[in-house]
Amino acid sequence: MQSAANSDRLPFQRILVATDFSAPSLSAVQRATTFARLYGATLYITHILPSDATQNDHASAWRDGQRLETELLVQGALRGVQHELLVGSGEIWAGISQLVSEKNVDAIVVGTRGRTGLARVLLGSVAERIFRQALCPVLTVGPRAAGEVSSPSLRRILYATDFTPSSLHAFRYAFSLTQHAGAHLTLLNIIPELPATEAASRESILEAARSRLRAIMTNDLILPREPEFVVGFGTPATRILALAGDQSADLIVLGLRQPGDSLAGRRWTTASEVTGKAMCPVLTVRAPA
């Protein structure tokens, strides 16, 4: 953990933001500029047209993209940010995936409109595919976090972990963002509810979880503010969303397993529910294969 957090390579050097020039995707572009400025990263503003797009469609997309660039420059959002406008055509995920490979992208930023299901909020089909298949970190601006913000900032970051290797890998990103933004970091662990017969063990289990959270922050990991350690019992998605709301978090960081992992299903459910319902963007980080 120490070596991951102190890695010399910045976690975000090339960022791709997918946009269709709608209001939700505009919010995603604004959040992407914040990350790019924090790290001095190159930002790729990307729009993928359908396969049957005409030459006029391409010309119109370029005009829309250049208009967006101008607006962001006037607002100051792109000032000092190295950026490039990319317009392609074809199936959206295939086009984005190809650009991620070609440009050696470190993170994808996407906005989405959610739709309410019986059990959870699902992401829109394109964002869902990016969210599930991208191997690099994905910053998703869900439907409740998609309001336009003139100057998005990172003041409070919530990092949730269940102590699996995949969730611990995500700490590197939470730590780095906290350092670069001068933010306040909360580390959270939620424990499944115990049967009534084990109620006497609750306090010892909570204290063990607190100790494990504190152990993540080794002595040489310096943050601008003292981190907060929170543990509790309950349903992970529900408790993560509640704490993020109570703290007015600006970002939630979650770890994910690799696609195809036999134990990934529960985390997909938790992560997609958090992403769909959170009032702030959610950064999902997949551990290396």
Side-chain angles (χ1 to χ4, degrees), residues 1-2 4-5 11 120-121 137 139-140 142 144-145 152-196 198-257 266-287:
M1 180 57 57
Q2 178 178 338
R120 61 192 177 102
V121 171
L139 180 72
T140 307
R144 299 185 182 183
S153 58
L154 295 174
R155 298 177 300 272
R156 298 192 69 96
I157 296 174
L158 172 60
Y159 160 70
T161 178
D162 59 4
F163 303 119
T164 57
S166 55
S167 71
L168 291 173
H169 176 73
F171 175 70
R172 173 197 175 199
Y173 294 83
F175 177 84
S176 178
L177 283 161
T178 302
Q179 273 196 324
H180 279 76
H184 176 273
L185 177 65
T186 297
L187 293 84
L188 170 67
N189 173 240
I190 299 302
I191 306 160
E193 284 289 359
L194 294 174
E198 299 181 28
S201 304
R202 290 175 68 89
E203 191 51 47
S204 61
I205 291 173
L206 289 173
E207 186 52 44
R210 289 189 195 97
S211 296
R212 293 186 74 181
L213 283 182
R214 293 190 185 100
I216 294 174
M217 289 293 306
T218 56
N219 291 334
D220 61 340
L221 298 184
I222 307 300
L223 288 175
R225 305 179 191 179
E226 188 69 23
E228 183 176 354
F229 303 97
V230 179
V231 297
F233 291 95
T235 304
T238 301
R239 294 297 303 271
I240 291 169
L241 289 165
L243 183 59
D246 290 344
Q247 293 192 340
S248 298
D250 298 299
L251 179 70
I252 298 170
V253 181
L254 303 173
L256 294 178
R257 293 177 181 267
R266 177 170 58 84
R267 287 180 182 81
W268 283 123
T269 301
T270 297
S272 59
E273 182 172 357
V274 170
T275 301
K277 293 181 178 179
M279 300 297 292
C280 63
V282 178
L283 180 69
T284 48
V285 180
R286 185 171 280 114

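These numbers come from a predicted model, not from an experiment.
- Between Leu213 and Thr161, some side-chain heavy-atom pair lies under the 4.5 Å cut-off.
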Walk me through whether Val230 and Leu243 qualify under side chain to side chain contact (heavy atoms under 4.5 Å, CB included). CA-CA 9 Å; Val230 179; Leu243 183 59; 4.1 Å; yes

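- Without hydrogens or angle criteria, His180 side chain to Ser176 main chain gives a donor-acceptor distance under 3.5 Å.
- Closest non-hydrogen pair, Leu251 versus Cys280, comes out as N-SG, 3.8 Å.
- Tested against Pro227, the residues Leu187, Ile157, Ile216 include a single side-chain contact (heavy atoms from CB on, under 4.5 Å) partner, Leu187.
- We find the OG1-CZ distance between Thr186 and Phe229 to be 9.5 Å, quoted to the nearest 0.5 Å.
- Between the CG atom of Leu168 and the CG atom of Asp162 there is a distance of 8.0 Å, given to the nearest 0.5 Å.
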Verdict with supporting geometry, Met217 and Leu223, side chain to side chain contact (heavy atoms under 4.5 Å, CB included): CA-CA 9 Å; Met217 289 293 306; Leu223 288 175; 3.6 Å; yes

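- Salt-bridge formation is detected for the pair Arg202/Glu193: a Lys NZ or Arg NE/NH1/NH2 atom is positioned less than 4.0 Å from an Asp or Glu carboxylate oxygen.
- Heavy-atom minimum distance, Phe233 versus Pro192: CD2-O, 3.4 Å.
- Nearest heavy atoms, Pro236 versus Thr270: CB-CG2, 4.1 Å.
- Summarising the geometry, atom OG1 belonging to Thr235 is positioned 8.5 Å from atom CD belonging to Glu273; distances are rounded to the nearest 0.5 Å.
- When all heavy atoms of Leu139 and Pro281 are compared, the pair lying nearest together is CD1-CB, 3.7 Å.
- Under a cutoff of 6.0 Å and an axis angle of 45°, Arg212 and Phe163 form a cation-pi pair.
- Using modelled atom types, one side-chain atom of Tyr159 and one backbone atom of Ser167 make a donor-acceptor pair closer than 3.5 Å.
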Candidate pair Ile205 and Ile191, rule side chain to side chain contact (heavy atoms under 4.5 Å, CB included), full reasoning: CA-CA 9 Å; Ile205 291 173; Ile191 306 160; 3.7 Å; yes

Show the numbers, then the answer: is there a salt bridge (charged side-chain N to carboxylate O under 4.0 Å, His left out) between Glu203 and Arg210? CA-CA 10 Å; Glu203 191 51 47; Arg210 289 189 195 97; 3.4 Å; yes

Mind running side chain to side chain donor-acceptor pair (under 3.5 Å) on Arg225 and His184 for me, showing each step along the way? CA-CA 6 Å; Arg225 305 179 191 179; His184 176 273; over 6 Å; no

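- Between Ala278 and Ile252, the closest heavy-atom pair is CB-CD1, 4.0 Å.
- Atoms OG and CG, from Ser272 and Leu254 in turn, are 10.5 Å apart once rounded to the nearest 0.5 Å.
- To the nearest 0.5 Å, the span separating CZ on Arg144 from OG1 on Thr275 amounts to 12.5 Å.
- The existence of a salt bridge linking Arg155 and Asp250 is confirmed by a sub-4.0 Å separation between a basic side-chain nitrogen and an acidic carboxylate oxygen.
- Atoms CD1 and CZ, from Ile190 and Arg239 in turn, are 4.5 Å apart once rounded to the nearest 0.5 Å.
- Closest non-hydrogen pair, Gly182 versus Pro224, comes out as CA-CG, 3.6 Å.
- No side-chain donor-acceptor contact under 3.5 Å links Glu228 to the backbone of Leu185.
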